[in-house]
Amino acid sequence: MTKSGDPKRRKASTPIDPSAILRVIGSIPEGAVASYGELATRAGLPGRARLVGRILREMPDLKLPWHRVLRSDGRIAFPPGSRSLREQVRRLAGEGVMVVRGRVDL
DNA sequence: GACATGACATAAC
DNA sequence: CGTTATGCCATGT
């Protein structure tokens with residue numbers, strides 16, 4: 001026993017459990033936005049904003065309102081001109097959220 | 001196991 | 001507004 005058999009011990013490559021983060025992101029109301037740090041804290045993971053970003057990156061997004069996730073400054077996380085950025089802006093616009101120059105206009 | 005990277009945050013300048 | 005620095009943690013090399 002030692003390290004094999006411990007439920008807390010992550011297996012090789014630590015695929016961590018994004019359930020909490022997914023839950024929080026899915027709980028974002030329509031027409032609203034949230035920042036990575038905010039989501040991380042709400043998920044019970046203070047200081048792990050990067051984790052949220054990592055999860056979304058690895059996620060198949062489908063069915064997840066990732067387009068409501070922005071940076072702490074209300075800025076979009078994607079680089080300008082990026083396809084994902086346009087998609088996010090387009091989706092937000094559909095919910096009444098206007099984005100100008102990569103910034104969210106409330 | 002060290003080093004580099006990243007859909008980040010906050011502070012300082 | 002811009003960059004630089006520091007912290008934070010999982011991944012990939």
Spacing between A:Leu45 atom CG and B:dC8 atom C1', to the nearest angstrom:
14 Å
Closer to the 5' end of DNA chain C via nearest nucleotide, is it A:Pro46 or A:Glu58?
A:Pro46
Pair A:Trp66-A:Glu87, side chain to side chain contact (heavy atoms under 4.5 Å, CB included): steps then yes or no:
CA-CA 11 Å; A:Trp66 59 271; A:Glu87 178 67 29; 4.2 Å; yes
Could you check how far CD1 of A:Ile25 sits from P of B:dC8, rounded to whole Å?
13 Å
Minimum-distance nucleotide to A:Ala49 side chain [options: B:dA9, C:dA10, B:dA7]:
B:dA9
Whole angstrom is fine here: how far is it from CZ in A:Arg57 over to C1' in B:dT5?
10 Å
Salt-bridge test for A:Glu95 and A:Arg91: reply yes if a basic N is under 4.0 Å from a carboxylate O, no otherwise.
no
Show the numbers, then the answer: is there a side chain to side chain contact (heavy atoms under 4.5 Å, CB included) between A:Ile76 and A:Gln88?
CA-CA 9 Å; A:Ile76 306 263; A:Gln88 183 168 17; 3.2 Å; yes
Distance, C1' atom - from B:dT5 to C:dC8, rounded to whole angstrom:
14 Å
Hey, does the side chain of A:Ser72 come within less than 4.0 Å of B:dT10's phosphate (OP1/OP2), counting only N and O?
yes
Determine which nucleotide pairs with C:dT6, using a 3.5 Å limit on both distances of a Watson-Crick or G-U wobble pair.
B:dA9
Determine yes or no for a side-chain-to-main-chain donor-acceptor pair under 3.5 angstrom, with A:Ser82 supplying the side chain and A:Phe78 the backbone.
no
Is there a side-chain polar atom (N or O) of A:Arg50 under 4.0 Å from OP1 or OP2 of B:dC8?
no
What's the closest nucleotide to the A:Arg71 side chain, out of C:dG2, B:dA7, B:dA9?
B:dA9
Separation of C:dT11 atom P from A:Leu51 atom CG, nearest Å, is 8 Å
Roughly how many Å is it from CG in A:Leu64 to P in B:dA7, rounded to a whole number?
16 Å
Considering all heavy atoms, the nearest A:Arg42-A:Val24 contact:
CB-CG1, 3.8 Å
Of the listed nucleotides (C:dA10, B:dA7, B:dA9), which one gets closest to any side-chain atom of A:Leu56?
B:dA7
For atom P, what is the distance between B:dA7 and C:dT6, given to the nearest Å?
22 Å
In whole angstrom, what separates A:Ile55's CD1 from C:dC9's P?
15 Å
Out of B:dA7, B:dA9, B:dT5, which nucleotide sits closest to the side chain of A:Phe78?
B:dA7
Nucleotide B:dA9, atom C1' - distance to CG of A:Asp73 in whole Å:
9 Å
Does the side chain of A:Arg48 get closer than 4.0 angstrom to OP1 or OP2 of C:dC9 through an N or O atom?
yes
When the distance from CZ of A:Arg54 to C1' of B:dT5 is rounded to whole Å, what number comes out?
8 Å
